[in-house]
Amino acid sequence: MSDPRAIGVFDSGVGGLTVVRSILDDLPREPVLYFGDTARYPYGPRTLEEVRTFAVQIARHLVERDVKMIVVACNSATAAAIEQVRAAVSVPVVGVIEPAVRAAVRATRNGRVGLIGTEVTVASGAYHDALARLDPGSEIALIGQACPAFVEFVERGDTTSPALLAAAERYLTPLQAAGVDTLILGCTHYPLLRGALHHVMGPEVLLLSSADETAKDVYEILGERGLLNEMTRPPDHRFECSGDPEWFAGLGRRFLGPEFLDADRVSLELSKSR
Ligand code: DGL
């Protein structure tokens, strides 16, 4: 059995393309339909209610486009709305939080795990909720730290400057003081900061990318449900955004690489999905 429909992936903007990168590395035959909500970006400083409304609206839009599953490739949207998205659509839904928490539970040696993300992600408590669900009675201490400036550094292409390293040291010092041996990169942009994070945290601390861990879950779900695409010709990917397609495409090529072609602007307000 072969299912040629696309995997629907969405994010507040370009960051979810790090998740697409990991999915395509593991599943190169799968077509992806990506939606970046660049007109309402960033989600990090928004309220949970706002992000919930946006996430459900985008998920419905992707289902109208006949995707076979949905990946909520945004930590802020997963934190705010994963259950609401699951309730709103009938296709399988994967977020970026549970896969990373599951990997952290397996990986930590000293039971002290750090979490870095946007303000809304860290404030939501969603990672703690996932830990309680996946590891009932957990003895793992999960220590969260919001790192609001990181997203802008990444989008400027700055992953090495003294200012970036100073911000990283400021944010990460409390996690070092807490003795974490595992650090969850709980934001779509942070895989692009891996070098700087490794430099500041040191070689003993394992960096866990939500993007890589989520791709493993996508692989399992498509395989288990008979939804894999068996066609051997290269898949056609589509990229949609709610804001300026040129801005989106410029950054998108850096986040995803050669699979990124053109982007189309789609106005959700005009879509039937509301
Ligand atoms: N995609 C967002 C996340 O993973 C980061 C950018 C934003 O704040 O919207 O949390």
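Order of listing sets the numbers, starting from 1, for every ligand and every atom in it.
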Self-check item: Pair Phe260 + Phe239: ring centers closer than 6.0 Å
Solution: yes

Quiz item: Listed by chain and number, what are the side chain to side chain donor-acceptor pair (under 3.5 Å) partners of Thr118, not counting sequence neighbours?
Solution: Ser76, Thr121

Quiz item: When you measure from atom 5 (C) of ligand 1 to every protein heavy atom, which one gives the shortest distance, and what is it?
Solution: Cys187 SG, 3.6 Å

Quiz item: Mind checking whether Pro42 has a heavy atom under 4.0 Å from ligand 1?
Solution: yes

Exercise. Examine His61 together with Phe10 and report whether their ring centres are nearer than 6.0 Å.
Key: no

Practice problem: Using a 4.0 Å heavy-atom cut-off, say whether Thr118 meets ligand 1 through its side chain, its backbone, both or neither. | Solution: side chain

Self-check item: Arg133 bridged to Asp129 by N-O distance under 4.0 Å
Solution: no

Self-check item: Closest approach of any protein heavy atom to atom 1 (N) of ligand 1, naming residue and atom
Solution: Asp11 OD1, 2.7 Å

Quiz item: Within the structure, does Gly44 bring an N/O atom to less than 3.5 angstrom of an N/O atom in ligand 1?
Solution: yes

Self-check item: Residues in side chain to side chain donor-acceptor pair (under 3.5 Å) contact with Asp26, at least two apart in sequence or another chain
Solution: none

Quiz prompt | ligand 1 to Tyr41 polar contact by distance, N or O atoms, under 3.5 Å | solution = no

Quiz item: Which ligand 1 atoms are under 4.0 Å away from a heavy-atom of Tyr43?
Solution: 7 (C), 8 (O), 9 (O)

Quiz prompt | Distance from atom 10 (O) of ligand 1 to nearest protein heavy atom, with residue and atom | solution = Ser76 OG, 2.6 Å

Quiz prompt | Which segment of Ser12 sits under 4.0 Å of ligand 1 when only heavy atoms are counted | solution = side chain

Quiz item: Between Tyr41 and Asp11, do the side chains contain an N or O donor and an N or O acceptor separated by less than 3.5 Å?
Solution: no

Quiz item: Between Phe150 and Tyr171, does the ring centre distance come in under 6.0 Å?
Solution: yes

Exercise. May I ask which of Pro45, Cys74, Gly186 has a heavy atom nearer to atom 2 (C) of ligand 1 than the others do?
Key: Cys74

